[in-house]
Every structure is written in structure tokens, then in C-alpha cells.
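Notes to accompany the following structure.
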Amino acid sequence: MDYILGVESTAHTFSVSVMSSSGKILSDSRNVFKAPEGSGIHPFEASQSHIRAAARVLKEAVEESGVPLDSMAAVSYSMGPGLGPCLRVGAVVARTLASSLELPLVPVNHAVGHIELGCLLTKAKDPIVLLVSGGHTMVISFSGGRWRVLGESLDLTLGQLLDQFGRHAGLASPCGRAIEEAARLSDRYLRLPYSVKGNDVSFSGLLTASKSLLDEGASFGDVAFSIQETAFAMVAEVTERALAFTGKKEVLVVGGVAANRRLDGMMDSMAKRHSARVGVAPIGYSGDCGAQIAWTGWLAHRSGIRVPVEGGAVRQSWRLDSVDIPWRD
Ligand code: AMP
Ligand code: MG
């Protein structure tokens with residue numbers, strides 16, 4: 001059995017995980033930076049939080065796994081995309097480990113990490129993927145050696161839509177779970193703009209209209225319900241089109257917003273019409289975590305992917321459809 005260590009640090013979460021080559025998560029320790037109420041993630045402040053937490057999180061992950069550091073086969077890290085100051089903390093930790101332990105350093109694309117961990121945990125083989133998080137809103141399908149983007153948001157991500165709406169209501173980011181809880185108590189749909197363009201979506205008009213409804217005195221629960229119904233129907237529509245177009249029979253929902261039960265319910269009823277199966281990453285592993293990097297790092301390592309320690313830089317913008325995936329056919 002081989003073991004690999006993965007370091008995640010693209011945004012709010014600093015996490016280290018140790019996984020076995022059989023796909024078992026032996027540990028996944030995390031520290032999540034919390035922004036003050038009403039404000040978003042400040043990249044520099046998040047990176048300072050990562051620096052303070054790094055040693056503790058690393059120690060916890062290694063101890064809990066029971067695998068000594070010098071028994072790892074490789075060290076993997078999120079090379080991007082993400083916030084520069086945050087990415088650099090993870091890269092420094094991973095480079096230091098790889099060079100002191102004389103291990104291969106394996107770069108991982110964070111979005112590919114969400115998908116590959118989702119496939120592992122839901123046993124999806126060749127799904128249409130809906131990746132909905134703070135950093136991404138994409139409908140993705142594997143073809144010709146790469147994950148291909150069939151549709152995406154033209155402006156805000158679904159996570160940003162929910163977080164910016166929540167912050168306008170005075171909540172602290174991330175706001176998705178509080179919005180879900182408030183929405184569950186309402187069934188009053190207030191009309192909001194629905195914007196699907198081809199196979200892409202746009203959320204900025206929806207955000208503006210939702211904020212205005214709040215400002216005009218509508219209840220938070222009713223607007224929370226309405227924003228979810230509208231935004232989730234939009235991503236369900238573009239996912240449905242991708243499913244119908246490719247004829248695939250599996251849908252995988254990954255990213256932090258995958259934790260939302262209403263979204264999962266909508267995806268389920270959509271997929272049923274196509275006799276497709278929906279897999280949703282388990283709540284603890286739908287958002288950012290070291291395991292997504294450790295597992296994808298293992299797949300990449302097995303395919304011979306590595307960078308020299310001095311080349312272990314970061315890529316703030318690194319689209320997943322530019323990444324070759326030699327481990328899939
Ligand atoms: P990630 O970038 O993958 O860690 O995802 C973070 C995003 O997921 C944030 O925008 C959160 O508000 C959102 N999120 C987390 N839990 C939920 C939930 N239950 N419903 C909707 N969005 C959620
Ligand atoms: Mg993410």
C-alpha cells in the first residue's frame with residue numbers, strides 16, 4: 001500500500017489529508033478562515049490565518065493517519081486556481097515537505113480535485129459534473145483526455161451569489177447553509193430574473209433583484225427561498241441539456257454548494273427524467289478539503305506527473321479544461 005499527503009489552501013480552507021492508494025481517507029484536518037460579519041474573504045488575512053494554522057493542521061493530519069511522514073510516496077498540493085496569497089502558503093508547506101523528505105512534488109488543479117474525489121466517494125465513472133462552489137459554477141464532461149466545460153457562469157459563481165446575498169442581509173460568509181435553513185421555512189416564491197444564455201448562466205441580475213427585494217422589506221426567508229429556486233433551476237436546466245446532449249447516465253454534484261439538499265432534490269428529479277443516477281459528494285467532502293488534493297495527487301503521481309521543487313509555483317488562474325488527465329480514458 002502507498003500513501004500520499006495532500007495540501008489544500010486555495011481560499012478559506014487550509015487542510016492537509018493523508019490517503020492510501022486504495023482510496024481510503026486516513027485523515028483530513030482543516031482550519032477554516034472566517035471572515036467578519038458582512039464582509040468577504042480578504043486574501044491576505046486568510047493567508048495569515050493559514051500560516052498560523054499550518055503546523056498544527058499538518059501535525060494533526062499526520063498523527064491521525066498513523067503514517068510517518070517519511071513513509072509517504074509523494075506530496076501533492078493545490079497549485080491553483082485560487083487566491084494568490086493563500087495558494088502560496090500551501091505551496092511553501094508542500095515544497096518544504098517534498099524537499100526535506102526527498103519526495104516527488106505533485107501539482108493538482110483544485111477543480112479537478114473536487115471532481116476526482118467526488119467520483120471516488122460516489123463511485124461515479126463517467127458523469128456529467130455540476131461543480132458549484134465559491135470559485136466555480138461549471139457543467140463539465142470528460143472527453144478526449146480532458147474535462148471539458150459545457151456550460152458555466154458568465155459572471156458570479158453560485159457560491160458568490162449566495163454569499164453576497166447573505167452578506168447584504170448581514171450574515172457572515174460563507175452564507176449558503178444559513179440561506180438553506182431560512183429557505184426551508186418559506187414556500188413563497190417572489191419573482192426574480194432567470195438568466196440562461198445558451199448553456200451558460202448569469203447571476204448578477206438575480207443578485208441585484210434579490211438585494212432590492214430585501215431593501216424593500218421582503219422577508220429574508222422568502223427571498224432566500226426564491227433565490228434558491230431560481231438559481232438552482234438555472235443550473236439544473238444547463239445540466240439537463242448536457243445530459244441530454246451527451247447521453248451520459250450519471251450526474252455528479254460537487255463543490256461547497258453541493259451540501260444544499262434543495263439543489264440535490266432538484267438534480268434528482270431532473271436526472272430521473274433521463275434515467276440517470278445522481279451522486280452527491282458527502283457533506284464533509286463536498287467543499288474544499290485536503291482529501292481532494294491527496295486523491296487527485298495520487299492519480300497524477302501514478303501517471304508520473306510532478307514538478308521540480310523549485311518549479312512548485314502557484315497558478316491563480318488555471319482553467320480545468322487546460323489540464324491533461326492521463327489517468328482517465
Ligand atoms: P467551496 O468553495 O467548495 O468550499 O464552497 C464554498 C461555498 O459553498 C460557499 O459559497 C458557501 O456559501 C457554499 N455552501 C456551503 N454550504 C452550503 C449549503 N448548505 N447550501 C448552499 N451553499 C452552501
Ligand atoms: Mg473549491
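Read the numbers this way: they start at 1 and go in the same order the structure lists the ligands and their atoms.
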Practice task
State plainly whether the residues Arg146 and Asp321 are in salt-bridge range, i.e. N to O under 4.0 Å.
Solution key: no
Handout entry: Those residues that, when tested against Gln164, pass side chain to side chain donor-acceptor pair (under 3.5 Å) (two or more places apart)
Key = none
Exercise for the section: State whether Arg261 and Asp264 are salt-bridged, where the test is any N-O pair (Lys NZ or Arg NE/NH1/NH2 against Asp/Glu carboxylate O) under 4.0 Å. Expected result: yes
Practice task
Write out the protein residues near ligand 1, meaning a non-hydrogen atom under 4.0 Å from one of its atoms, in order of chain and number.
Solution key: His12, His114, Ser133, Gly134, Gly159, Leu162, Asp163, Pro174, Cys175, Gly176, Arg177, Glu180, Gly255, Gly256, Val257, Ala259, Asn260, Gly287, Asp288
Problem - Electrostatic pair Glu310:Arg95 at N-O distance under 4.0 angstrom - result: no
Practice task
Verify salt bridge (charged side-chain N to carboxylate O under 4.0 Å, His left out) between Glu250 and Lys123, making sure each step is shown before the conclusion.
Solution key: CA-CA 10 Å; Glu250 294 170 303; Lys123 301 190 167 57; over 6 Å; no
Practice task
Just jot down the ring pair (Phe, Tyr, Trp, His ring centres under 6.0 Å) partners of Phe165, sequence neighbours excluded, or say none.
Solution key: Phe220
Handout entry: Axial cation check for Tyr285 ring with Arg30, 6.0 Å and 45° limits
Key = yes
Exercise for the section: In plain terms, say whether Arg177 and Glu181 are close enough for a salt bridge, that is, a side-chain N and a carboxylate O under 4.0 Å apart. Expected result: no
Exercise for the section: Mind telling me whether His110 and His114 have parallel, tilted or perpendicular rings, with 30° and 60° as the class edges? Expected result: perpendicular
Problem - In the protein, N/O/S atoms that are found under 2.8 Å from the Mg ion (ligand 2), waters not counted - result: His110 NE2, His114 NE2, Asp288 OD1
